[in-house]
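What you see below is based on every heavy atom in this structure, not just the backbone, and it leaves out hydrogens, waters and symmetry mates. Chain letters run A, B, ... following the sequence lines, proteins first and then strands; every chain starts at 1. For clarity, every value in this text was computed on a predicted model and none was experimentally measured.
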Protein chains: 2
Amino acid sequence: MDIEEAVSVFSALSQRTRLEVLRLLLQAGPEGMGAGEIAGALGVRQNTMSTNLNILQRSALIRSERFGRSIRYYADMAGLRGLLSFLMEDCCGGERELCAPLLDVLVCDCLEKADDQSSL
Amino acid sequence: MDIEEAVSVFSALSQRTRLEVLRLLLQAGPEGMGAGEIAGALGVRQNTMSTNLNILQRSALIRSERFGRSIRYYADMAGLRGLLSFLMEDCCGGERELCAPLLDVLVCDCLEKADDQSSL
DNA sequence: TCCATAATTCTAGATTACTAGATATTTCGA
DNA sequence: TCGAAATATCTAGTAATCTAGAATTATGGA
């Protein structure tokens, strides 16, 4: 990922509806959600949501899959990973202590509430 | 952090100069960098940089400290942590496997190159 | 107190982004 | 093949953001 792409991805996240969509899809997990379902859940008009879903997808923050005439969307963990990776590239300035607190976020909020067989 | 604040923080990151500044300061580590030094390093006019530093600081992505007549800026790890925490809130949908890859980013890019006494 | 340095604030013209109405496309079922 | 459902695209008026010139504030030294 280069700087232009990263800026574009952060732009995708800097709008209320789109940020809500990503969080909703992260919470939805592997099941994903239908496009109309997402629009309904967030109280946004269908065409506006379609535009915003497209922007998120172009940024590789979400993925989609068609089922019949509806389309399901999912959080794209690989894309999110790429973004965080770019941001934290060469971080810390060699000082582990500066960077470590960021790990706690994911460990606490995400993994601790899952089962405890920490394979890391 | 609420959604409005998170949007505002992502907006702060969705501009090339500001994203470059945050990465630069993450790489600089605890030493930080002077305001003029940052502007010089990125080839941005001093008043434009000042505006952008202010936006990053309002978003709690960087901190500042005055030394005589110059001002040093530092990455604000607590602010960054808050943002990631908000984004990943209630993630995974109970499926640990969906979320775990995000940890690798920080573990690989940031901590593995530090000493190996993994206290997690 | 006066000057130079370092950084910030004010401002406006130019660019970019957002929303929603209207229309188009895709798919399924009858 | 026709109609309905689900979603996407086009468009334009409105709103927000970006940059840099000019002026301002804060600090330290002579």
Side-chain angles (χ1 to χ4, degrees), chain A residues 3-25 28 31-76, chain B residues 3-25 28 31-76:
Chain A
I3 185 85
E4 293 298 347
E5 188 181 346
V7 166
S8 168
V9 178
F10 280 119
S11 295
L13 287 174
S14 65
Q15 199 268 355
R16 178 176 187 142
T17 297
R18 293 195 297 262
L19 183 53
E20 285 178 334
V21 167
L22 180 58
R23 278 169 37 98
L24 197 58
L25 291 178
E31 303 267 310
M33 288 176 74
E37 190 185 359
I38 296 170
L42 298 179
V44 173
R45 300 205 180 214
Q46 179 271 321
N47 62 345
T48 299
M49 182 56 80
S50 176
T51 298
N52 284 318
L53 287 171
N54 187 37
I55 290 170
L56 285 169
Q57 188 161 33
R58 279 202 321 256
S59 295
L61 290 167
I62 67 178
R63 291 177 295 110
S64 68
E65 198 174 349
R66 179 179 276 278
F67 289 94
R69 49 186 135 176
S70 79
I71 294 179
R72 280 193 99 68
Y73 284 89
Y74 312 88
D76 184 336
Chain B
I3 184 86
E4 294 297 348
E5 189 181 345
V7 166
S8 169
V9 178
F10 280 118
S11 295
L13 287 174
S14 65
Q15 199 269 352
R16 178 176 187 142
T17 297
R18 293 194 297 263
L19 183 53
E20 286 178 335
V21 167
L22 180 58
R23 278 168 38 98
L24 197 59
L25 290 177
E31 305 266 310
M33 288 177 73
E37 189 184 0
I38 296 170
L42 298 178
V44 173
R45 300 205 180 217
Q46 184 270 325
N47 63 343
T48 299
M49 182 55 81
S50 176
T51 298
N52 284 318
L53 288 170
N54 187 37
I55 290 171
L56 285 169
Q57 187 161 34
R58 279 202 321 256
S59 295
L61 290 167
I62 66 177
R63 292 177 295 110
S64 68
E65 198 174 348
R66 180 179 275 278
F67 289 93
R69 50 186 137 175
S70 79
I71 295 178
R72 278 192 102 66
Y73 284 88
Y74 313 88
D76 185 335

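- Residue G32(A) comes nearest to Y74(A) through the heavy atom pair CA-CD2, 3.5 Å, listed as atom of the first residue, atom of the second, then distance.
- Going from atom CE of M33(B) over to atom C1' of dA7(C) covers 16 Å, rounded to whole Å.
- Side-chain N or O atoms of R18(A) include none that pairs as donor or acceptor with a backbone N or O of E20(A) at under 3.5 Å.
- A straight line from CD of Q46(B) to C1' of dA22(D) spans 13 Å, rounded to a whole angstrom.
- Y73(A) has no side-chain polar atom (N or O) that falls below the 4.0 Å cut-off from OP1 or OP2 of dA6(D).
- Note on Q15(B): a side-chain N or O is less than 4.0 Å away from OP1 or OP2 of dT19(D).
- In this structure, M49(A) atom CE and dC18(C) atom P are separated by 13 Å, rounded to whole Å.
- In this structure, CZ of R69(A) is placed 11 Å from P of dT27(C), rounded to the nearest angstrom.
- Applying side chain to side chain contact (heavy atoms under 4.5 Å, CB included) to N52(B) and the options T48(B), N54(B), L56(B) leaves one that passes, T48(B).
- Residues V21(B) and M33(B) have side chains not in contact (no heavy-atom distance under 4.5 Å, counting atoms from C-beta outward).
- Where G34(B) and T17(A) meet DNA chain C, the nucleotide closest to each residue was compared, and G34(B) sits on the side nearer the 5' end.
- An OP1 or OP2 oxygen of dT19(C) is reached within less than 4.0 angstrom by no side-chain nitrogen or oxygen of T48(A).
- Comparing dT9(D), dC28(C), dA8(D) by their closest approach to the side chain of I71(A) singles out dA8(D).
- In this model, the phosphate group of dT19(C) is approached by a side-chain N or O of N52(A) to a distance below 4.0 Å at OP1 or OP2.
- Each of G68(A) and N47(B) lies near DNA chain C, and the nucleotide nearest N47(B) is the one positioned closer to the 5' end.
- The separation between R16(B) atom CZ and dT19(D) atom C1' is 15 Å, rounded to whole Å.
- A close approach under 4.0 Å does occur between a side-chain nitrogen or oxygen of R45(A) and OP1 or OP2 of dG21(C).
- Taking atom CD of residue E65(A) and atom C1' of nucleotide dT7(D), one finds them 16 Å apart after rounding to whole Å.
- Contact of the L25(A) side chain with the I38(A) side chain is registered, since non-hydrogen atoms from C-beta on lie closer than 4.5 Å.
- Distances were taken from every side-chain heavy atom of S50(A) (C-beta onward) to each of dC18(D), dT9(C), dT9(D); the shortest belongs to dT9(D).
- Rounded to whole angstrom, the span from the CD1 atom of I55(B) across to the C1' atom of dT17(D) amounts to 9 Å.
- Taking only side-chain nitrogens and oxygens, R18(B) comes nearer than 4.0 Å to OP1 or OP2 of dC18(D).
- Between the CZ atom of F67(A) and the P atom of dC28(C) there is a distance of 12 Å, rounded to whole Å.
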